[in-house]
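What you are looking at is a predicted structure, and each value in this text was computed from that prediction instead of being measured. Position 1 is the first residue of the sequence; numbering continues from there.
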Amino acid sequence: MSAPEFAAAQWTRATGAGVDPHEYRRVTGGLPSVADWGPAFLRTGHAYLQRAQEAGSPVSAGTHLLMAARWFHLATLAPYAEADRAAAEADRALSRALTVLEPGARRVTGEGFTGWLRGSSDAPGTVVVVPGLDSAKEEFLGLASALMARGLAVFAMDGPGQGALAAKTALRADYERIVGRVVDALGSARVGLVGLSLGGYFAARAAALEPRVAAVATVSGPFRLDWENLPPPVKDLMSRRTGGFGAAREFARQVDLTALAPRITGPLLVVDGGQDVIPGVTNGEPLSRLAPHGTYVRVPHGDHLLGNARSDWLPLLTDHLTRALVAPRA
């Protein structure tokens, strides 16, 4: 794939993550090859660190640091020898930003996870944001803000093989174990999950197997994977994140919610984009149909992660989780 093709494919994902579309075009417009993606995005992140250093107020500095975190994370989307460094830089920039902007935010780390708990300490519920195959907590800052605006607390996390933990851990299918440890560490009486891309599978699986999860939402989450039909780039990425080709094939074999969907007893919202068609991936409609309290939203023009259609699903998702966690069903 050429650099312009790759940039076009990542356009709505990057802008959905919160980077300025005009700056995205400037950064990606002259890239000679996809191999230049990582270095260009890393340089852009460092430029925002410099702006933070020179900022005239803590708010401006924190805002620049949040933007740096986004660019550093996006640097990891293309194959890049220094992707682990970029992920670590994203983690540090986010930590610095929240320390400045939200003194009440708290870093929470345990076996197999790390992240930031944000929002009011007396929030009626906490939403755990679960990333996917190559996403990380820094990608979904807008989602976290939308949930906090509803009065909910948010724990934006990286799990095994994700974000800040990708360098030293591998993806694992039994994500409910990680979610259980997160719930233990957070100590919240009402916990909801929102999973994005492969995180949708992780969140749905956890909702089926972890009884303390009160509600769940998935965005572009797979119901099932067929390893033989997955595109080579997806297989390559999964192999890197799981520890090898054989491990990736076994991981993909486990991604099947057929038996687990009926065990999701809490309210479930499944969001898919009509333009999100990946060979070997069964999207979320069967999940919503098999779950006892599933609701399905298909946005016809939405692509993967629906960065091109946020107004069509983000208010629905925040409403769904707010109803479940603030005013739970009798």
Side-chain angles (χ1 to χ4, degrees), residues 13-20 23-24 26-27 37-77 80 82-110 112-121 123 126-132 134-149 152-169 182 185-186 196 199:
R13 182 170 178 184
T15 56
V19 304
D20 180 83
E23 185 170 27
Y24 180 84
R26 289 196 299 271
V27 172
W37 174 281
F41 277 62
L42 205 62
R43 286 194 300 272
T44 307
H46 284 142
Y48 274 101
L49 293 186
Q50 185 64 35
R51 292 177 188 175
Q53 184 71 26
E54 298 169 354
S57 71
V59 172
S60 293
T63 301
H64 290 317
L65 288 166
L66 285 179
M67 194 57 69
R70 292 178 172 99
W71 283 98
F72 287 139
H73 163 64
L74 293 171
T76 70
L77 298 189
Y80 180 37
E82 295 191 69
D84 293 342
R85 173 193 166 198
E89 295 246 34
D91 183 67
R92 283 194 293 270
L94 178 61
S95 298
R96 290 176 59 193
L98 294 180
T99 299
V100 171
L101 296 174
E102 300 176 25
R106 179 165 61 96
R107 185 79 183 228
V108 181
T109 299
F113 72 89
T114 189
W116 281 89
L117 178 62
R118 304 169 60 192
S120 173
S121 59
T126 302
V127 179
V128 178
V129 179
V130 180
D134 62 349
S135 52
K137 60 188 181 301
E138 292 82 16
E139 187 167 340
F140 306 118
L141 298 173
L143 171 60
S145 295
L147 290 164
M148 289 190 295
L152 297 167
V154 176
F155 182 64
M157 66 173 286
D158 293 330
Q162 298 170 323
L165 302 183
K168 295 182 179 180
T169 62
V182 167
L186 297 181
L196 300 108

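Here H73 and F41 keep their ring centres 6.0 angstrom or further from each other.
Contact between L186 and R106 at its shortest, heavy atoms only, is O-NH2, 4.5 Å. Closest approach of A153 to S120, counting heavy atoms only: CB-O, 4.2 Å. Taking all atoms of both residues into account, the shortest heavy-atom contact from V100 to P58 is CG1-O, 3.1 Å. Across every non-hydrogen atom of A97 and G62, the tightest pair is CB-O, 3.6 Å. Taking both residues in full, the closest heavy atoms of A105 and L98 are given as CB-CB, 4.3 Å, listed atom of the first, atom of the second, then distance. Between G115 and F155, the shortest heavy-atom contact is C-CE1, 3.4 Å.
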Report task. Output, in order, the C-alpha distance, side-chain angles, deciding distance and verdict of salt bridge (Lys or Arg N to Asp or Glu O under 4.0 Å) for D91 and R107. Result -> CA-CA 11 Å; D91 183 67; R107 185 79 183 228; 2.9 Å; yes
Could you walk me through whether V154 and K137 pass side chain to side chain contact (heavy atoms under 4.5 Å, CB included), step by step?
CA-CA 11 Å; V154 176; K137 60 188 181 301; over 6 Å; no
| said: side chain to side chain contact (heavy atoms under 4.5 Å, CB included), that's the test. Do V129 and L196 meet it? Break it down for me. | reply: CA-CA 8 Å; V129 179; L196 300 108; 3.8 Å; yes
query = Can you list the steps and then say if T99 with W116 is a side chain to side chain contact (heavy atoms under 4.5 Å, CB included)?
reply = CA-CA 10 Å; T99 299; W116 281 89; 4.2 Å; yes
For this session: Test side chain to side chain contact (heavy atoms under 4.5 Å, CB included) on L65 and L101 and set out the steps.
Result: CA-CA 10 Å; L65 288 166; L101 296 174; over 6 Å; no
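Atom CD of E54 sits in a crowded spot, with more than 12 heavy atoms from other residues, nucleotides or ligands closer than 6.0 Å.
Taken to the nearest 0.5 Å, the CD atom of E138 stands 11.5 Å off from the CD atom of E89. Rounding to the nearest 0.5 angstrom, the gap separating the CG atom in D84 from the OG1 atom in T76 is 9.5 Å. Considering CZ of R85 and CG of L42, their distance stands at 4.5 Å, rounded to 0.5 Å. Rounding to the nearest 0.5 Å gives a distance of 6.5 Å between CZ of R118 and CG of L141. Expressed to the nearest 0.5 Å, how far CD of E23 lies from OG1 of T15 amounts to 13.0 Å.
S60 places no side-chain N or O within 3.5 Å of a backbone atom of G56 that could act as its donor or acceptor partner. W71 places no side-chain N or O within 3.5 Å of a backbone atom of R43 that could act as its donor or acceptor partner. The main-chain N or O of A164 is found under 3.5 Å from a side-chain atom of D158 such that the two form a donor-acceptor pair.
Using the six-membered ring where Trp is involved, F72 and H46 have ring planes that are perpendicular, over 60° apart on the 30 and 60° scheme.
A heavy-atom distance below 4.5 Å is not found between the side chains of Q162 and S135. Residues Y24 and L74 are not in side-chain contact: their nearest non-hydrogen atoms beyond the backbone lie 4.5 Å or more apart. Annotation: side chain of D134 is in contact with side chain of L77 (closest heavy-atom distance under 4.5 Å).
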